Participant: 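Input: one structure, supplied below.
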Protein chains: 2
Amino acid sequence: MKLTSKGRYAVMAMADLAKNEDSRPVSLKEISLRQGISIFYLEQLFLKLKLNSLVHSTRGSRGGYVLSNSPDQIKLSSIISAVNEEVETIKCNKNSKKGCNGKFAKCITHSLWNELSTHINLFFERKSLEDVLRKEKNFQGE
Amino acid sequence: MKLTSKGRYAVMAMADLAKNEDSRPVSLKEISLRQGISIFYLEQLFLKLKLNSLVHSTRGSRGGYVLSNSPDQIKLSSIISAVNEEVETIKCNKNSKKGCNGKFAKCITHSLWNELSTHINLFFERKSLEDVLRKEKNFQGE
DNA sequence: TCTAAAGTTGACTAATTTACTCAGGATACT
DNA sequence: AGTATCCTGAGTAAATTAGTCAACTTTAGA
Ligand code: FES
Ligand code: FES
């Protein structure tokens, strides 16, 4: 599980889509303007979101993207893992020369990291895009 | 909250210390040999661990480090935040030119990230060095 | 049928962060 | 005195992330 701004942008973009899709597809240009994210960057993100079937695209003039499901069906975990290809936590045994190579502490941190990964995933599993929108609404209402 | 190998190494080193301290201070050299972590890297880590009063040092020949508290009193959160100077989650408003600058999605991901930070911290707050050692013991016993 | 608006794709570069190393000093034990 | 150890600041190299771009395909509408 990686947590970078890429994931954050993806959530932002998806939230924008959820809020603004309304019969017509939403173009990247619109999202770019509203969210202040470079259109080039969005292209990158939506390529992956599409590969993971989170959005559906319409090409050509007046084309754009729509969500594949209703916001309450889209878990944040799907979004995050769609854009961050490596979903797993940082592997210990990537290079076996250093650190975790069978010595004492090997599996201490290993299982710890795995537990943490589970813990974080749980967080994102529980949240849907709808939850995010609802929160924003409440916030603006105050 | 940052999660890098720096934090993992710190936990490894502290666990090694907890396991091997026994009347005499433990030298970085020993830890380095047992855990396969460069001594130079350990120096860096222990500088910070010491600044945060997690360990106590003895200089000179036969010197080394001992834990400042018993393993069950040392929370992993202290260790992690000691070595990763930035304890907070990645800030959105670091540069206000892009992304989160007052537009729609601004505080969606903001609060989301903060919630996550809390969630992760909770995980590390609950775990002590002793928990880590106990787990390793069980694991070896199987 | 032509044109403009949009998605599609692969590649590339720049910026930042992380991991790791080093040199030279201070201290204390034997 | 000599050696083992901690102490500190600095520096470099590797890896990752962020962001950009060019050339293309597809479709809607004038
Ligand atoms: S063996 Fe997996 S973290 Fe060390
Ligand atoms: S305002 Fe904090 S993440 Fe956007």
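All values derive from a computational prediction rather than experimental measurement.
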Participant: Nearest whole Å is fine: how far is D:dT5 C1' from B:K29 NZ?
Facilitator: 10 Å
Participant: Counting heavy atoms from C-beta on, name the nucleotide in C:dC29, D:dA28, C:dT21 closest to the side chain of B:S61.
Facilitator: C:dC29
Participant: Does the D:dT27 base have a donor-acceptor partner in the side chain of A:R59 within less than 3.5 Å?
Facilitator: no
Participant: Working to the nearest 0.5 angstrom, can you tell me the gap between A:S78 OG and A:L54 CG?
Facilitator: 5.5 Å
Participant: Between D:dT20, D:dC6, C:dT8, which one does the side chain of A:Y41 approach most closely?
Facilitator: D:dT20
Participant: Does a nitrogen or oxygen in the side chain of A:T4 sit under 4.0 Å from OP1 or OP2 of D:dA18?
Facilitator: yes
Participant: To the nearest 0.5 angstrom, please state how far the CG atom of A:L42 sits from the CD atom of A:E30.
Facilitator: 11.5 Å
Participant: For B:V55, report the nucleic acid contact type (base, sugar-phosphate, nothing); a contact means any heavy atom under 4.0 Å.
Facilitator: nothing
Participant: How long is the line joining CD of B:Q44 and P of D:dT8, in whole Å?
Facilitator: 13 Å
Participant: Which residue lies toward the 5' end of DNA chain D, A:R62 or A:F40, if each is placed at its nearest nucleotide?
Facilitator: A:F40
Participant: Output the rounded distance in Å from CG (A:L47) to P (C:dG7).
Facilitator: 13 Å
Participant: What's the CD-P distance between A:E43 and D:dA23, to the nearest Å?
Facilitator: 14 Å
Participant: Tell me the interatomic distance from B:K50, atom NZ, to D:dG9, atom P, rounded to whole angstroms.
Facilitator: 12 Å
Participant: How many Å lie between NZ on A:K48 and P on C:dG7, as a whole number?
Facilitator: 18 Å
Participant: Would a distance-only check, ignoring hydrogens and angles, find a side-chain to backbone donor-acceptor pair under 3.5 Å from A:S68 to A:S53?
Facilitator: yes
Participant: Write down the distance between CD1 (A:I39) and P (C:dT8), rounded to a whole number of angstrom.
Facilitator: 13 Å
Participant: Would you indicate what B:G60 reaches in the nucleic acid, counting non-hydrogen atoms under 4.0 angstrom: base, sugar-phosphate, or nothing?
Facilitator: base
Participant: Tell me the interatomic distance from A:L45, atom CG, to C:dT9, atom C1', rounded to whole angstroms.
Facilitator: 15 Å
Participant: Rounded to the nearest 0.5 Å, what separation is found between the CD1 atom of B:I31 and the CZ atom of B:F46?
Facilitator: 4.0 Å
Participant: Is any side-chain nitrogen or oxygen of A:Y65 closer than 4.0 Å to OP1 or OP2 of C:dT8?
Facilitator: yes
Participant: Taking A:L133 as the starting point, is it possible to reach A:V66 by hopping between hydrophobic residues whose side chains are less than 4.5 Å apart?
Facilitator: no
